[in-house]
Trainee: 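I have a structure I would like to understand better, so I am pasting it below and will then ask my questions one at a time.
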Amino acid sequence: MTKTAFIGECMIEISAASHGNSTEPSSAFGPAKLSYAGDTLNAAVYMARVSKLIALQGKTKPELSENTQNDAAISYVTALGTDPYSQAMMVAWQNDGLDTSLVRQIDGELPGLYAIQTDASGERSFSYWRQNAAARQLFKNGYEEALGTELAGFGMVYLSGISLAILDTEDRAKLFVLLASLRKNGTRVCFDSNHRPRLWADTATAKNAYANMAPLCDILMPTFDDEATLFGDATPLDCAKRWRDAGAGEVIVKNGALPTTYVTQTGETGTVTPPKIDRVIDTTSAGDSFNGSYLAARNHGIDIENAITIAQKVAGCVISARGALVDINHLVL
């Protein structure tokens, strides 16, 4: 078990249920809940929660079971402001067991914001205000050097396509250099492309960024639907092999209720069928919870197929409840 850092963006979330005809402008207003969310943040929280469950249920590989909690610390890396909302998010993350010492706080900047509106049929729509979010400033003014020093002792770093997309070209290049340096010194790099077209200037820019990421990845966990749309992959195995051939070490392709496919540079390949879910309520954090759970299992020395099984169980629990971060303490892994 080693220290892990998750790099990305967490935003303020406004969630409201529409009343009456959702096509009416006035239906956007009414009682709302204020929270926070972000793909990498969700994955970090689930890694922390599942790590505890694995340890409590005695599934840690024996030679790793004596590691201290500090040795397996999970840190979140982002940029926020010094405003009350930024402070409240950091306190919430700390309460969930995350280390926030690597969060960069910038005076005068604010977190991004998005709103979820749900109509009478349960269909959701999103509106975003993130163009000037603090997280986009993470690598400004030479901060990548200080961050590189802080991350030098970490065993694993995780990021997503969103982590890449919110940065400008110059800062994205700085991130690639940082990852290459960390990996050269033994840090494993983990990635989920989590492709969001609206965040990229164009398809070519996104593909180029992913091409730069592939040879830096020790563990890569894309979602088949996203990949098929962007790259034209015919099957999950085609997707996995494409990433592997581009340099990724261990590729796990998520595919909803269908089997998860994996391939590795060492020749391992296979599929794992997820458990049947009777009622799907909210898929918001399905992929994020899978990713965090898989990394927790691998960090505890669990083999690929059993790690996938654990991740599928957690994701199944998550989509059976409402919200991105749900209670999983009752799960038997």
Side-chain angles (χ1 to χ4, degrees), residues 6-11 37-43 77-79 112 114 125-140 144 157-180 182-183 189-256 261 263 283-288 290-292:
F6 287 73
I7 303 174
E9 177 185 31
C10 187
M11 295 184 290
D39 65 333
T40 50
L41 187 280
N42 297 340
V77 181
T78 191
Y114 74 100
S125 60
F126 297 82
S127 300
Y128 292 90
W129 297 265
R130 73 194 308 176
Q131 192 60 38
N132 297 311
R136 293 176 178 263
Q137 310 301 315
L138 179 60
F139 291 97
K140 296 298 183 187
E144 72 277 3
V157 169
Y158 173 95
L159 67 159
S160 75
I162 294 176
S163 310
L164 300 180
I166 63 172
L167 302 177
D168 61 31
T169 302
E170 181 181 352
D171 288 348
R172 199 178 301 133
K174 293 176 184 176
L175 176 54
F176 291 142
V177 170
L178 171 61
L179 294 173
L182 291 171
R183 194 165 184 262
V189 175
C190 309
F191 181 66
D192 176 4
S193 53
N194 198 15
H195 183 62
R196 296 294 177 265
R198 65 192 300 172
L199 290 179
W200 294 95
D202 51 56
T203 298
T205 302
K207 285 185 173 182
N208 181 63
Y210 298 151
N212 285 321
M213 272 302 303
L216 297 173
C217 293
D218 294 280
I219 298 177
L220 197 146
M221 298 170 286
T223 297
F224 178 61
D225 285 347
D226 295 343
E227 300 290 303
T229 300
L230 182 61
F231 292 101
D233 299 322
T235 68
L237 184 58
D238 291 337
C239 173
K241 287 181 176 179
R242 173 176 52 77
W243 279 106
R244 181 199 61 190
D245 294 345
E250 181 175 310
V251 185
I252 314 298
V253 182
K254 306 182 294 286
N255 196 19
T261 300
V263 299
T283 62
T284 299
S285 193
D288 306 333
F290 180 102
N291 294 348

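Quick note: numbers below take in every heavy atom, side chains included, and nothing from hydrogens, waters or symmetry partners.
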Trainee: Using the side-chain contact (heavy atoms from CB on, under 4.5 Å) rule, take N194 and T40 through it: C-alpha gap first, then chi angles, then the decisive distance, then the call.
Mentor: CA-CA 10 Å; N194 198 15; T40 50; over 6 Å; no

Trainee: Given E144 and V177, is the side-chain contact (heavy atoms from CB on, under 4.5 Å) satisfied, shown in steps?
Mentor: CA-CA 9 Å; E144 72 277 3; V177 170; over 6 Å; no

Trainee: Measuring from atom CG of L41 to atom OG1 of T78, what distance do you get when rounded to the nearest 0.5 angstrom?
Mentor: 8.5 Å

Trainee: Looking only at atom types and distance, does a side-chain atom of S285 sit under 3.5 Å from a main-chain N or O of D288, one as donor and one as acceptor?
Mentor: no

Trainee: Just by distance, do the side chain of K174 and the backbone of F139 share a donor-acceptor pair under 3.5 Å?
Mentor: yes

Trainee: For N132, which residues count as a side-chain hydrogen bond (donor to acceptor under 3.5 Å, both in side chains) partner, sequence neighbours excluded?
Mentor: none

Trainee: F191 and S160: which non-hydrogen atoms are nearest, and at how many Å?
Mentor: CE1-C, 3.2 Å

Trainee: Which heavy atom of V157 sits nearest to which heavy atom of L179, and what is that distance?
Mentor: CG1-CD2, 4.1 Å

Trainee: Kindly compute the distance separating OG (S163) from OH (Y158), expressed to the nearest 0.5 Å.
Mentor: 7.5 Å

Trainee: Pair T205, D202 - check side-chain hydrogen bond (donor to acceptor under 3.5 Å, both in side chains), show working.
Mentor: CA-CA 6 Å; T205 302; D202 51 56; 2.7 Å; yes

Trainee: How are the rings of Y210 and F231 set relative to one another: parallel (under 30°), tilted (30 to 60°) or perpendicular (over 60°)?
Mentor: tilted

Trainee: Is any side-chain heavy atom of H195 closer than 4.5 Å to a side-chain heavy atom of T229?
Mentor: no

Trainee: Is V253 close to E227 at the side-chain level, that is, under 4.5 Å between some pair of heavy atoms?
Mentor: no

Trainee: What's the verdict on side-chain contact (heavy atoms from CB on, under 4.5 Å) for N255 and T261, showing C-alpha distance, side-chain angles and the deciding distance?
Mentor: CA-CA 8 Å; N255 196 19; T261 300; over 6 Å; no

Trainee: Quick one: are L164 and L175 in side-chain contact, heavy atoms under 4.5 Å?
Mentor: yes

Trainee: With sequence neighbours excluded, what pairs up with K241 under the side-chain hydrogen bond (donor to acceptor under 3.5 Å, both in side chains) test?
Mentor: none

Trainee: Say you draw a straight line from CE of M11 to CD1 of I166; how long is it, rounded to the nearest 0.5 Å?
Mentor: 9.0 Å

Trainee: If you round to the nearest 0.5 Å, how far is CG of D171 from NZ of K140?
Mentor: 4.0 Å

Trainee: How about L230 and K207: do any of their side-chain heavy atoms sit closer than 4.5 Å?
Mentor: yes

Trainee: What heavy-atom pair brings W200 and G161 nearest, and what distance separates the two atoms?
Mentor: CZ2-O, 3.6 Å

Trainee: Give the minimum heavy-atom separation between R244 and V263, together with the two atoms involved.
Mentor: CB-CG2, 4.0 Å

Trainee: Restricting to ring-ring contact (aromatic ring centres under 6.0 Å, His included), what partner residues turn up for F290, sequence neighbours left out?
Mentor: none

Trainee: Measure the spacing between CD1 of I7 and CG of L178 and express it to the nearest 0.5 Å.
Mentor: 6.0 Å

Trainee: Mind checking what makes ring-ring contact (aromatic ring centres under 6.0 Å, His included) contact with Y128, not counting sequence neighbours?
Mentor: Y114

Trainee: For residues 213-226, run the donor-acceptor check on the side chains, cut-off 3.5 Å, and write out each pair with its distance to 0.1 Å, sequence neighbours left out.
Mentor:
| unit_1 | atom_1 | unit_2 | atom_2 | d |
| --- | --- | --- | --- | --- |
| D218 | OD1 | R183 | NH2 | 3.2 |
| D218 | OD2 | R183 | NE | 3.0 |
| D218 | OD2 | V189 | N | 2.9 |

Trainee: List the atom of R198, the atom of F126, and the distance in Å for their closest heavy-atom pair.
Mentor: NH1-O, 4.5 Å

Trainee: Enumerate the salt bridge (Lys or Arg N to Asp or Glu O under 4.0 Å) contacts for residues 128-139, please, sequence neighbours excluded, ordered by first and then second residue.
Mentor: E9-R130

